[in-house]
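When a ligand or atom number is given, it counts from 1 through the structure's own listing order. Just so it is clear, the model here is predicted, and its values are computed rather than measured.
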Amino acid sequence: MSTAAADTRLATAEIQGNLAGFNKDLQRFLFLSFSDGASAKAFVAELAPEIASARDVRSFNALYKAIRKRRGHAADILKAAWTNIAFTFEGLNLLGAPDCANFPEDFRAGMSARAELIGDRDDSAPEGWVPPFTAPLVQAIHALVLLAADPVDGPQRTVLLDHITERVSQLSQQHGVSVLSQLDGSVRPGAARGHEHFGFKDGISQPGIVGLTESAKNRATSIAPGEFLIGYPDQDGQTSGGPTNPPAPQPGPPGYPGPAPAPTPGLPAWATDGSFLVFRRLRQDVAAFSQFVTDQSGALGLTGDQLGAKLVGRWKSGAPMERIHGVPQQPDGSVEDPSAAHPQIVEDERFINAFDYGDDQDGARVPRAAHIRKAYPRAEDPPGDAVADRHRILRRGVPYGPEFAPGEAPYGQVVPDTQDRGLLFLCYQASISKGFEFVQQTWANTPDFPQSGDGRDPIISQDAQPREFNLPGHETHLQMNRWVQTTGGGYFFTPSLPALQHLADT
Ligand code: HEM
């Protein structure tokens with residue numbers, strides 16, 4: 001196992017593959033419960049050689065890109081199927097993992113125990129979550145197996161995904177492991193490809209990680225690997241491994257997002273090259289969102305598309321509303337989608353992310369409470385670039401559920417399976433308190449962040465109903481009901497490949 005590397009060269013052969021980004025159309029998540037430590041170890045020992053590394057994934061992605069560049073397309077001749085695994089605190093304990101007590105409080109408690117803190121209340125409360133997350137848990141979730149594969153043309157579309165699922169099922173049966181639930185996600189079809197269910201292009205802005213991922217789609221700088229991986233220097237040059245738990249996220253005083261983050265706590269040595277994984281099943285009420293945008297926009301003197309873009313911070317095409325650095329004579333992106341006249345804005349990775357709110361302090365173009373501005377305030381001050389870059393997350397989500405059918409009504413108390421759609425949100429970070437929880441609570445749920453009275457994140461804030469949103473230039477604050485409901489989730493740890501072997505052996 002590698003130790004903290006001052007030169008930040010990463011052990012990509014040891015880090016699990018989804019840290020580099022599977023980027024597959026089809027994904028499946030299997031939630032497992034072990035019966036006892038010995039059979040759990042035997043299961044992990046047999047599955048370990050199947051686990052994709054970041055190096056595997058990066059090599060495949062590079063080959064795919066090279067072939068596509070030469071031939072124009074590669075999907076017909078090049079396919080891959082990847083398997084990764086992560087564990088809950090209970091799962092690590094059952095495996096007899098050494099020094100588990102040193103893991104931080106957030107991870108040990110789990111997502112449902114942190115519900116109050118992150119704002120999962122009333123219809124987002126754990127009591128209403130769907131299986132296997134329903135609280136109190138019928139059976140403990142010990143592990144999450146992540147499967148991802150390319151589709152195959154024709155009726156056998158999921159044949160590769162089914163193949164790797166079959167392998168996990170076989171091993172589970174052999175070792176008395178229960179598969180509690182299977183959740184499937186996939187990219188949306190046709191023109192909706194790459195867009196989440198409200199219609200907005202997703203998966204655009206990701207932090208580049210020094211030594212691991214390219215930062216082409218990122219703002220100019222890459223982020224230190226210690227923000228995402230255990231055992232590496234973080235943005236402050238600290239290496240994960242300090243003695244204490246990081247502070248719980250606090251709503252800060254107006255204008256400042258709370259206490260400065262502490263380094264990841266003194267984790268066991270085997271945790272090096274690992275990462276914490278947050279999984280969240282988020283149901284999206286597409287009819288209610290569309291109805292709100294349609295009903296409110298007229299009175300505000302906006303089109304529905306404009307208001308929707310103000311809530312998210314980008315146009316449905318993914319084009320920024322902010323002025324894009326490096327594109328001369330662009331149309332006013334705060335009024336119309338600039339990619340209609342300049343398609344390269346969404347096609348060229350140098351442009352789609354080239355903005356930083358620096359010349360939009362009052363939020364006239366992108367309101368300060370818009371989803372992407374709350375979730376990553378970039379150069380906005382407060383909190384300022386340096387603080388914003390201490391709370392980055394690596395998003396790996398995928399939509400789930402059927403396509404919205406025109407004429408569907410907003411959700412009622414009971415949501416039929418045929419209309420249950422949303423996002424299987426996943427993100428990796430070196431500290432859950434400093435990553436997901438901080439973004440969710442201290443930024444998204446806090447109406448006074450970044451400035452007093454800005455309002456709540458219209459897409460993901462959870463803790464209040466109705467929620468306020470300040471649209472600069474309009475006197476009254478918008479009152480929004482919740483369109484995204486938490487219906488399950490958990491906190492997991494993704495060990496390195498050598499650590500998996502170590503857990504199986506000891
Ligand atoms: C159903 C739920 C969600 C929807 C529909 C949604 C939608 C989107 C969209 C359309 C974007 C812009 C595309 C991009 O930059 O990749 C985005 C960006 C982002 N979202 Fe979400 N999101 C959801 C949940 C979350 C959650 C739970 C978090 C974290 C707590 C989050 C954090 C972020 C971040 C950090 C960005 C990138 C901001 C930037 O770098 O500019 N999102 N989301």
Side-chain angles (χ1 to χ4, degrees), residues 21 23 111 114 118-120 124 185 188 192 194-208 215 217-219 221 223 227-228 249 278-286 288-290 308-322 324 346 349 352-357 366 370-380 385 388-401 404 420-429 432-446 456-463 482-489:
N23 202 14
M111 187 183 282
R114 307 278 278 188
I118 55 179
D120 283 338
S124 280
R188 295 181 53 211
H195 295 240
E196 50 70 45
H197 280 289
F198 293 150
F200 294 84
K201 184 90 193 285
D202 203 0
I204 299 169
S205 176
Q206 294 283 10
S215 57
K217 274 204 277 185
N218 189 37
R219 303 173 57 215
T221 51
I223 301 294
E227 297 293 329
F228 310 100
V278 170
F279 182 98
R280 224 157 142 73
R281 187 183 187 279
L282 298 173
R283 181 184 279 157
Q284 293 178 251
D285 192 341
V286 175
F289 176 81
S290 309
K310 293 262 178 199
L311 300 176
V312 171
R314 287 185 187 268
W315 295 91
K316 283 188 170 169
S317 65
M321 292 200 99
E322 288 294 341
I324 303 157
V346 286
E349 296 189 343
I352 196 162
N353 226 6
F355 62 94
D356 62 13
Y357 311 116
V366 172
H371 173 54
I372 66 161
R373 194 163 173 169
K374 278 269 198 184
Y376 176 39
R378 303 187 180 218
E380 168 151 5
D385 233 338
D389 278 341
R390 296 305 318 274
H391 303 284
R392 306 297 302 275
I393 50 176
L394 266 186
R395 291 175 301 133
R396 296 287 183 253
V398 61
Y400 77 88
F404 179 76
D420 187 352
R421 62 181 67 82
L423 185 71
L424 301 176
F425 172 86
L426 286 86
C427 72
Y428 291 95
Q429 57 258 285
I432 294 172
S433 311
K434 195 165 77 60
F436 163 72
E437 287 189 346
F438 196 96
V439 174
Q440 179 69 51
Q441 169 60 14
T442 308
W443 287 350
N445 289 351
T446 301
R456 291 184 154 86
D457 182 323
I459 306 299
I460 62 167
S461 68
Q462 292 295 327
D463 61 337
R482 204 184 284 141
W483 310 300
V484 169
Q485 178 196 5
T486 312
T487 54

Engineer: Quick one: nearest non-hydrogen protein atom to atom 5 (C) of ligand 1, plus distance?
Structural biologist: Glu196 OE1, 3.3 Å
Engineer: Kindly confirm or rule out an N or O of Gly203 lying under 3.5 angstrom from an N or O of ligand 1.
Structural biologist: yes
Engineer: Note the single closest protein heavy atom to atom 41 (O) of ligand 1, along with its residue, its atom name and the distance in Å.
Structural biologist: Arg378 NH2, 2.7 Å
Engineer: What residue among Gln429, His391, Lys434, Arg392 forms side-chain hydrogen bond (donor to acceptor under 3.5 Å, both in side chains) with Glu227?
Structural biologist: Lys434
Engineer: Have a look at Asp356, Leu424, Asn353, Ile204 and point out the one with the heavy atom closest to atom 14 (C) of ligand 1.
Structural biologist: Ile204
Engineer: If you measure from each non-hydrogen atom of Arg314 to ligand 1, which part falls under 4.0 Å: side chain, backbone, both or neither?
Structural biologist: side chain
Engineer: Can you find a heavy atom in the side chain of Arg314 that is under 4.5 Å from one in the side chain of Ile352?
Structural biologist: yes
Engineer: Sort by chain and number the protein N/O/S atoms found under 2.8 Å from atom 21 (Fe) of ligand 1.
Structural biologist: His371 NE2
Engineer: Give a yes or no answer on whether the side chain of Lys310 reaches the backbone of Met321 with a donor-acceptor pair at less than 3.5 Å.
Structural biologist: no
Engineer: Hey, does Arg396 have a side-chain heavy atom less than 4.5 Å from the side chain of Gln206?
Structural biologist: yes
Engineer: Where is the tightest heavy-atom contact between Arg395 and Asp202, given as atom of each residue plus distance?
Structural biologist: NH1-OD1, 3.1 Å
Engineer: Taking ring-ring contact (aromatic ring centres under 6.0 Å, His included) as the definition, give me every residue that meets it alongside Phe198, ordered by chain and number, with sequence neighbours left out.
Structural biologist: Phe289
Engineer: State whether Asp420 and Arg281 are salt-bridged, where the test is any N-O pair (Lys NZ or Arg NE/NH1/NH2 against Asp/Glu carboxylate O) under 4.0 Å.
Structural biologist: yes
Engineer: Is the closest N or O pair between Ser205 and ligand 1 shorter than 3.5 Å?
Structural biologist: yes
Engineer: Is the shortest N/O to N/O distance between Phe355 and ligand 1 below 3.5 Å?
Structural biologist: no
Engineer: With a 6.0 Å cut-off on ring centres, are Tyr357 and Phe355 close enough?
Structural biologist: yes
Engineer: Please say whether Gln440 places an N or O atom under 3.5 Å from an N or O atom belonging to ligand 1.
Structural biologist: no
Engineer: Which part of Lys201 is near ligand 1, with near meaning a heavy atom under 4.0 Å away: side chain, backbone, both or neither?
Structural biologist: backbone
Engineer: I'd like to know if the side chain of His197 and the backbone of Tyr400 have a donor-acceptor N/O pair within less than 3.5 Å.
Structural biologist: yes
